[in-house]
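Step one of this worksheet: look at the structure below.
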Amino acid sequence: MIQSRTHTCGQLRIEQAGQTVTLAGFMENVREVGGSLAFVVLRDFYGITQLVVEDPQLLALIKSLNKESTLQVTGVVRERSSKNPKQPTGDIEVVPSQIQVLGRCRHNELPFEINHSREADETQRLRYRYLDLRNPAVKENIILRCNVVAALRKAMTAHNFLEITTPILTASSPEGARDYLVPARKHPGKFYALPQAPQQFKQLLMTSGFDRYFQIAPCFRDEDARGDRSPGEFYQLDMEMAFATQEDVFSVIEDVFPPIFAKYGKYNIASKAPFRRIGFNEAMETYGSDKPDLRIDLTVQDATDLLGGCGFGPFEGNVVKAIVVTDFTGTRKQIDGLCTEVEIQSGNKGYWFRYDEQGEIVGGIAKFIAPIKEEVVKALGLVPGCFVGLTAGKKSAAQKTAGVFRNKLGAFCPNHMDREKYEFCWIVDFPMYEIGEESGQLEFCHNPFSMPSGGLEMLEKAHRGEIDPLRITADQYDLVVNGVELSSGAVRNHDPEIMIRAFQLVGLGEEDVKAKFPAMYNAFTYGAPPHAGIAPGVDRIVMLLAGEESIREIIPFPMNKNAQDVMMDAPGPVSEKQLEELHIRVDLEEKA
RNA sequence: GGCCUGGUAGUUCAGUUGGUUAGAACGCUAGCCUGUCACGCUAGAGGUCGUGGGUUCGAACCCCAUCCAGGUCGCCA
């Protein structure tokens with residue numbers, strides 16, 4: 001049987017030469033040199049150690065094994081005659097006197113090579129995730145995740161937040177994303193739902209008198225995946241503070257995050273407190289996005305008055321946005337490539353011209369710009385060597401397309417983007433209401449839990465028609481890092497009366513509030529503290545810190561894009577008996 | 001659900017205008033090699049070219065359908 005290890009595979013140094021040690025690990029590689037000598041690479045969680053097998057019997061044993069078998073080895077540490085400075089244990093090797101096979105690998109061909117698993121087909125990686133994770137480079141991201149979560153817990157605890165767990169089986173919420181439902185055996189025809197977020201529970205904790213709550217909270221939403229969004233489940237650093245303002249939340253986050261980003265991040269520079277605050281409207285106007293990447297120094301200018309009448313068809317009667325890029329060196333082909341990417345991603349065309357080194361308007365839609373050159377140069381502040389990216393459309397389309405263009409230009413021009421840092425900002429003053437695209441009616445813009453800025457007074461003014469409800473903002477904020485939205489948060493609406501008035505503006509009433517959020521509404525009628533919170537996504541934080549493009553790289557056992565676990569084979573069918581107990585009959589419609 | 005890209009050996013990929021026996025690297029098997037460390041050298045095994053249909057004397061290649069994967073948009077209060 002297995003004995004205790006005396007050392008790990010990453011531990012031995014020249015100082016241990018002469019000692020007898022016991023190691024255990026995976027047989028990563030065997031290099032046979034001559035008929036009577038083999039070098040074996042033994043790998044465990046901590047590192048690799050070279051074994052030298054000279055004993056004919058042990059050599060025969062090694063040769064009979066497949067790679068990735070697990071071994072326990074006892075032997076003497078010896079100084080290498082040819083050292084390997086690239087390895088921490090490269091000065092020594094272990095000469096085994098005893099080798100015990102702990103777990104034989106029955107496969108002489110693996111689904112992929114362990115050390116190159118990142119290049120393998122993703123389905124294969126996920127199906128054999130336990131092999132994929134043997135790759136130190138893959139494992140490293142999971143270790144990072146553990147360290148970051150531990151650091152977040154430590155920092156939150158140091159700020160006097162209590163970690164409180166909330167139910168996983170709860171009630172379906174009428175707002176938000178699609179729920180995951182769980183049939184209730186004891187209540188035929190009824191369902192639990194997995195929480196989309198512990199939103200209502202944390203607000204109820206505030207109402208219960210807890211002052212500072214946090215949780216590394218599992219959240220479940222049945223929505224399609226994205227590169228930066230895993231399907232089904234994800235984790236948030238969920239937090240809430242009683243008797244707190246927006247400023248109180250900001251100062252906690254500004255204290256907790258930068259040191260963790262600087263310590264664990266791929267880049268070790270992070271914004272210092274206070275983070276920049278950008279109003280929602282300003283963000284859309286200046287960056288064409290509500291999640292601007294502030295590492296890019298380019299901004300969007302309005303050119304509607306300047307170019308709307310220049311004669312270029314697509315600008316006619318539309319809002320026009322311009323992005324001026326100084327010292328631009330891209331080729332015609334590269335510009336076309338950028339415009340194509342803009343169109344693919346935004347669904348709208350990007351246009352351009354250049355103000356070249358000789359001070360001439362050239363390229364793209366130059367024909368329409370040249371006649372009003374002086375005016376354009378002055379208004380946009382052009383200097384020779386400029387590129388000007390242009391977008392047009394209804395206001396929001398022109399803004400968003402410009403935002404995409406800005407990101408592409410930033411990525412293309414190293415002189416306009418300093419990648420190697422974490423740039424935080426707060427987006428504030430979100431509108432409370434919007435006109436729904438489908439309904440054409442006034443709707444909540446984000447969520448009805450937020451406190452309207454100005455409270456009851458502003459709502460009453462809107463009800464009396466003194467102000468446009470579209471101009472009411474909410475005490476709501478987004479935390480953005482490097483163009484990634486890490487989180488939304490808000491000062492919550494803790495006052496039943498304000499809640500009802502807020503709902504009435506969108507044509508709902510007291511009954512709707514009570515029906516949708518019965519527990520919270522009732523709780524608030526017993527005297528609730530004003531409270532505020534936020535819930536940054538842990539997966540996205542780790543992604544940013546690891547510098548990974550895919551969320552799956554930082555999740556131990558991720559599902560694929562179609563919300564399947566191909567390793568465990570979930571979702572899968574269940575037995576008739578299980579369905580019967582749950583009072584469920586499966587009725588699949590024939591595919592048309 | 002829409003759009004884009006891809007699917008060829010265990011793995012990663014190449015495959016010209018439609019034309020002989022579909023190639024390479026890594027891995028695997030065997031042999032050689034006494035200091036390797038991405039060990040090296042020699043030989044070998046390994047393929048329903050995602051699936052189904054069509055065009056053609058002839059299809060990995062062209063057409064249609066379909067499945068799968070990744071990206072992207074919708075969606076994600």
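Below, chains carry the letters A, B, ... as their sequence lines are ordered, and counting in each starts from 1.
Within the nucleic acid shown, A/D222 has no heavy atom closer than 4.0 Å to any nucleic acid atom. Residue contacts shown for A/K83 include a base, since a base heavy atom lies under 4.0 Å away. A/N115 comes within 4.0 angstrom of nothing in the nucleic acid, heavy atoms only.
A centroid separation of 6.0 Å or more is found between the aromatic rings of A/F430 and A/Y477.
For A/E343 and A/N348, the side-chain atoms include no donor-acceptor pair closer than 3.5 Å. A/T166 and A/Q215 share a side-chain donor-acceptor pair at under 3.5 Å.
Atom P of nucleotide B/rC75 and atom CG of A/D228 are separated by 16 Å, given to the nearest angstrom. What separates CZ of A/R229 from P of B/rG70 is a distance of 15 Å, to the nearest Å. Spacing between atom CD of A/E32 and atom C1' of B/rC33 amounts to 9 Å, rounded to whole angstrom units. Across the protein-nucleic acid pair, A/E68 atom CD and B/rG10 atom P stand 20 Å apart, rounded to whole Å. Counting to the nearest Å, the P atom of B/rG10 and the CD atom of A/Q124 are 11 Å from each other. B/rC73 atom C1' lies 14 Å from atom CD of A/E223, rounded to whole Å. Rounded to an integer number of Å, the gap from A/R552 CZ to B/rA69 P is 11 Å. Remark: C1' of B/rG71 and CD1 of A/I551 are 15 Å apart, rounded to the nearest angstrom.
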* To do: Could you check A/R43 against A/E28 for salt bridge (charged side-chain N to carboxylate O under 4.0 Å, His left out), going step by step and ending with a plain yes or no?
  => CA-CA 6 Å; A/R43 180 194 72 235; A/E28 180 170 296; 3.0 Å; yes
* Quick one: do A/R501 and A/E497 satisfy salt bridge (charged side-chain N to carboxylate O under 4.0 Å, His left out)? Show the steps, please. => CA-CA 6 Å; A/R501 291 305 268 166; A/E497 191 184 350; over 6 Å; no
* Take A/S36 and A/E54 through the test side-chain hydrogen bond (donor to acceptor under 3.5 Å, both in side chains) and record every step on the way to the result. => CA-CA 6 Å; A/S36 56; A/E54 290 161 323; over 6 Å; no
* **Pair A/D238-A/Y213, side-chain hydrogen bond (donor to acceptor under 3.5 Å, both in side chains): steps then yes or no** => CA-CA 8 Å; A/D238 192 43; A/Y213 142 92; 2.7 Å; yes
* Passes side-chain hydrogen bond (donor to acceptor under 3.5 Å, both in side chains), A/R31 versus A/Q50? Steps please. -> CA-CA 10 Å; A/R31 290 184 293 269; A/Q50 174 169 288; 3.3 Å; yes
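Below the 3.5 angstrom threshold, one finds a donor paired with an acceptor across the side chain of A/R78 and the base of B/rG35. Contact annotation: side chain of A/R226 to base of B/rG74, donor-acceptor pair present below 3.5 Å. Side chain A/R31 to base B/rC33: no donor-acceptor pair is found below 3.5 Å. Between the base of B/rG74 and the side chain of A/D224 there is a donor-acceptor pair shorter than 3.5 Å. Interface remark: the A/R221 side chain does not form any donor-acceptor pair with the B/rC76 base, using a distance-only criterion of under 3.5 Å.
Centre separation under 5.5 Å together with a plane angle under 30° holds for the ring of A/F39 and the six-membered base ring of B/rU36, marking them as stacked.
Relative to the side chain of A/Q50, the nucleotides B/rU36, B/rU34, B/rU29 differ in distance, and B/rU36 lies closest. The side chain of A/N29 has B/rC39 as its nearest neighbour among B/rC37, B/rC39, B/rU34. Closest to the side chain of A/T123, out of B/rG35, B/rA69, B/rC37, is B/rA69.
Evaluated for a side chain to side chain contact (heavy atoms under 4.5 Å, CB included) with A/I500, the options A/E510, A/K514, A/E511 yield exactly one hit, A/E510.
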What N/O pairs connect the protein and nucleotides 25-27 of chain B at under 3.5 Å? Give each pair on its own line.
residue	atom	partner	partner atom	Å
B/rC26	O2'	A/E113	OE1	2.8
B/rC26	O2'	A/E113	OE2	2.9
B/rG27	N2	A/E109	OE2	2.4
B/rG27	N3	A/E109	OE2	3.1

Between N or O atoms, less than 3.5 Å apart, protein on one side and nucleotides 2-4 of chain B on the other: list the pairs.
none

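Nucleotides B/rC62 and B/rA25 have their C1' atoms positioned 30 Å apart, rounded to a whole Å. One P atom belongs to B/rA65, the other to B/rC61, and the distance between them is 16 Å to the nearest Å. Rounded to whole Å, the P atom of B/rA45 lies 33 Å from the corresponding atom of B/rG6. If you take atom C1' in B/rC13 and the same atom in B/rU34, they sit 37 Å apart, rounded to whole Å. A distance of about 42 Å separates the C1' atoms of B/rG74 and B/rU56, rounded to the whole Å. When the C1' atom is compared between B/rA60 and B/rA14, the two are found 12 Å apart, to the nearest whole Å. As rounded to the nearest Å, B/rC68 and B/rC57 have P atoms that lie 35 Å from one another. B/rU21 and B/rG15 have their C1' atoms separated by 15 Å, with the value rounded to a whole Å.
Residues A/L42 and A/M27 come closest through the heavy atom pair CD1-N, 4.2 Å. Residues A/A283 and A/I427 approach most closely at CB-CD1, 4.1 Å, considering heavy atoms.
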Exercise answer: donor-acceptor pairs, residues 562-570 of chain A side-chain atoms, under 3.5 Å, sequence neighbours excluded:
residue	atom	partner	partner atom	Å
A/Q564	OE1	A/N560	ND2	3.2
A/D565	OD1	A/M567	N	2.9
A/D565	OD1	A/M568	N	2.9

Can you give me every donor-acceptor pair (side chain of residues 530-537 of chain A, partner residue at least two apart or in another chain, under 3.5 Å) with its distance?
residue	atom	partner	partner atom	Å
A/H531	ND1	A/P529	O	2.8
A/H531	NE2	A/Q203	NE2	3.0

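With RNA chain B read from its 5' end, the first of the two nearest nucleotides for A/G227 and A/S81 is the one closest to A/S81. Heavy-atom distances to RNA chain B give each of A/R80 and A/G35 a nearest nucleotide, and the one nearer the 5′ end belongs to A/G35.
No side-chain heavy atom of A/M520 sits under 4.5 Å from any side-chain heavy atom of A/T207.
In this view, A/D512 satisfies the salt bridge (charged side-chain N to carboxylate O under 4.0 Å, His left out) rule with no residue, not counting sequence neighbours.
Stem regions annotated for RNA chain B: B:1-7 with B:67-73, B:10-13 with B:23-26, B:28-32 with B:40-44, B:50-54 with B:62-66, counting only runs of 3 or more consecutive pairs of Watson-Crick or G-U type with both contacts under 3.5 Å.
Distances shorter than 4.0 Å separate none of the side-chain N or O atoms of A/Q564 from OP1 or OP2 on B/rC68. Within the structure, every side-chain polar atom (N or O) of A/N84 is placed at least 4.0 Å from both OP1 and OP2 of B/rU36.
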